[in-house]
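Quick caveat: nothing in here was measured; it's all calculated off a predicted structure.
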Protein chains: 2
Amino acid sequence: MQVLSYTEENYLKGIFKLTIEMADKTEAGTNEIATHLGVKPATVNDMLKKLKDKKLIHYERYGKSSLTKEGKKRAIEIVRKHRLWETFLHEKLAFNWDEVHEVAEQLEHIQSKKLIDKLDQFLNYPSADPHGDLIPNAKGELSILPRKTLIEELVGHQCKMVGVKDNSAEFLKYVDKLGLSINQPIKVKAKQAYDNQIDIEVNGKKHSISPKFAEQIIIVCPTCNKK
Amino acid sequence: MQVLSYTEENYLKGIFKLTIEMADKTEAGTNEIATHLGVKPATVNDMLKKLKDKKLIHYERYGKSSLTKEGKKRAIEIVRKHRLWETFLHEKLAFNWDEVHEVAEQLEHIQSKKLIDKLDQFLNYPSADPHGDLIPNAKGELSILPRKTLIEELVGHQCKMVGVKDNSAEFLKYVDKLGLSINQPIKVKAKQAYDNQIDIEVNGKKHSISPKFAEQIIIVCPTCNKK
DNA sequence: TATAATTGTTAGACTAGCCTAACAAATTTT
DNA sequence: AAAATTTGTTAGGCTAGTCTAACAATTATA
Ligand SMILES: [Mn+2]
Ligand SMILES: [Mn+2]
Ligand SMILES: [Mn+2]
Ligand SMILES: [Mn+2]
């Protein structure tokens, strides 16, 4: 299996994020990839041809791009490494959860199968990183975390919003106002015994929400599902 | 402080090894550096000019090269990272001592002051790596390890030969035959109470040596001097 | 459907890091 | 001290990855 350059790996990961990880899309445009990676479209165009030659992406002139099976496999390996390193930094080296990404961006490119498998073992096979994002296992599979609603979440845990039950405009407008969106981390700070209000923290801002509201928010909680 | 490329860092480390770490030399020649790094002299020549411009080395046309104060500081940082990572791989991830170097060669280039300081702390400020080489501290200082002779070494410890007392050809020939040399790691496997013979392992090979011989071998032992 | 706006491609240029081949300086040997 | 050897430099060329500027195709809008 050919070894990819640092740059090629970043392109694969970028396309992965813009397609497979975005529920509603299966292809990514050249300009879109350029914006995501912070380079110019002309640069992306060159790389798309190269990745196509290596059979890592599907691409036709003037068309959108998507990962091949092999490309997807490679992308998942990089995501796995990124998230395991973030977990290591957070759990073992006491990095704050907002400091881990930048360093993991470098560490994800270290080439050593043994290293990453040992690291996984050392961290006790975690299923999610400090941001709540799922960590693919050594086979590239994502363990599907059980979903529940925000009302069921335990105090002190940090979960991630993955969907809503109610779809009314009224409800969604309120969701939006609280700074909530798909993949948004939410921390449950407290529950009031008196009226079952729930105190949450979203993006550094604190809110108190009603149980009626909370039971409409679908979440996954990595902490609850940790080994 | 400007950030150096992966390649520039490897050149600095190479010059460091060929000069400061070699007791008898203070300068390195172009061809010598080329051989050490596995590139051609013409390539080295280009880089020497570049490193000179950045004030990281002393270099004059047709002259030998040596590190400036700043260059040395940078080189020591890289060596520190390399050896801390080797220690991490060996102690925390159960890598064999002969597997760590290759991966550390990649990890040493990760840019994050916080990462390396936290790693140092996590490893409890080790003073030597799995090969017995000294690890510079965060200030770039090397703790000078006390020397003793092989006869004083404790069973189970791995030490490193740093010199000899006897200088006779007869003795040195025997030293050589056992695979011993400066910086060679030696592991003390056992001591026989009956005749004080010492069982050692050198480079995977086992030998039994006399006390008379052992007291001529000067060593340092990182394990004995660990905090 | 014609026009405008957006999206994507090409050509040409640049830097870092590498190479080979030819040459020049320094050092060693005779 | 001349010749031979070793060591170091230069010129020119290559690739990966980036850019700008000009242009072409596609898509949206009037
Ligand atoms: Mn991240
Ligand atoms: Mn990256
Ligand atoms: Mn090493
Ligand atoms: Mn290196």
Q: Please work out which residues in residues 52-60 of chain A have a non-hydrogen atom less than 4.0 Å from an atom of DNA chain D and list them by number.
A: none
Q) Between A:Val202 and A:Gly179, which heavy-atom pair has the shortest distance, and what is it? A) CG1-O, 3.5 Å
Q) Considering the options A:Lys64, A:Lys17, A:Lys25, which one meets the salt bridge (charged side-chain N to carboxylate O under 4.0 Å, His left out) requirement together with A:Glu32? A) A:Lys25
Q: Give a yes/no answer on whether the side chain of B:Tyr62 brings an N or O atom under 4.0 Å of OP1 or OP2 in C:dC23.
A: no
**Q.** Nucleotide D:dT10, atom P - distance to CG of B:Leu48 in whole Å
**A.** 11 Å
Q. Has the side chain of A:Gln106 got a donor or acceptor atom that lies under 3.5 Å from a matching backbone atom of B:Gln111?
A. yes
Q. Expressed in angstrom and rounded to an integer, what is the separation of B:Leu37 atom CG from C:dC19 atom P?
A. 11 Å
Q: List in chain and number order the residues that pass side chain to side chain donor-acceptor pair (under 3.5 Å) with B:Lys55, two or more places apart in sequence or in another chain; answer none if no residue qualifies.
A: none
Q. Closer than 4.0 Å, any side-chain N/O of A:Lys64 to the OP1 or OP2 of C:dG8?
A. yes
Q. Can you name the nearest heavy-atom pair linking B:Pro130 to B:Gln158, along with the distance?
A. O-NE2, 3.1 Å
Q.
Just to be sure I understand the rule, does B:Tyr6 reach a base, reach only the sugar-phosphate, or reach nothing, if contact means heavy atoms closer than 4.0 Å?
A. nothing
Q: Measure from the side-chain N and O atoms of B:Lys81 to the backbone N and O of B:Ile110, and report whether any donor-acceptor pair falls under 3.5 Å.
A: yes
Q) Would you say a side-chain N or O of B:Asn45 is under 4.0 Å from OP1 or OP2 of D:dG8? A) no
Q: Calculate the interatomic distance between A:Asn10 atom CG and D:dA16 atom P; express it in whole Å.
A: 17 Å
Q. Taking OP1 and OP2 of C:dA16, is either one under 4.0 Å from a side-chain nitrogen or oxygen of B:Ser5?
A. no
Q) Is the distance from OP1 or OP2 of C:dC19 to the nearest side-chain N or O of B:Thr43 less than 4.0 Å? A) yes
Q) Rounded to whole angstroms, how far apart are NZ on B:Lys40 and P on D:dA11? A) 21 Å
**Q.** Side-chain (A:Arg80) to main-chain (A:Pro136) donor-acceptor, under 3.5 angstrom
**A.** yes
Q: Check the distance between D:dA16's P and A:Leu4's CG and give it to me in whole angstrom.
A: 13 Å
Q: Specify the separation, in whole Å, of atom CD of A:Glu8 and atom P of D:dT18.
A: 10 Å
(Q) Is the phosphate of D:dA24 approached by A:Arg61 (side-chain N or O, under 4.0 Å from OP1 or OP2)? (A) no
Q. Between D:dG8 atom C1' and B:Asp46 atom CG, what is the distance in whole Å?
A. 12 Å
(Q) Regarding B:Thr7, tell me which of base, sugar-phosphate or nothing describes its non-hydrogen contacts under 4.0 Å with the strands shown. (A) sugar-phosphate
Q.
Below the 4.0 Å mark, does C:dT10 have OP1 or OP2 next to a side-chain nitrogen or oxygen of A:Lys49?
A. yes
Q: Return the value, rounded to whole Å, for the distance between atom CD of B:Glu27 and atom C1' of D:dT7.
A: 14 Å
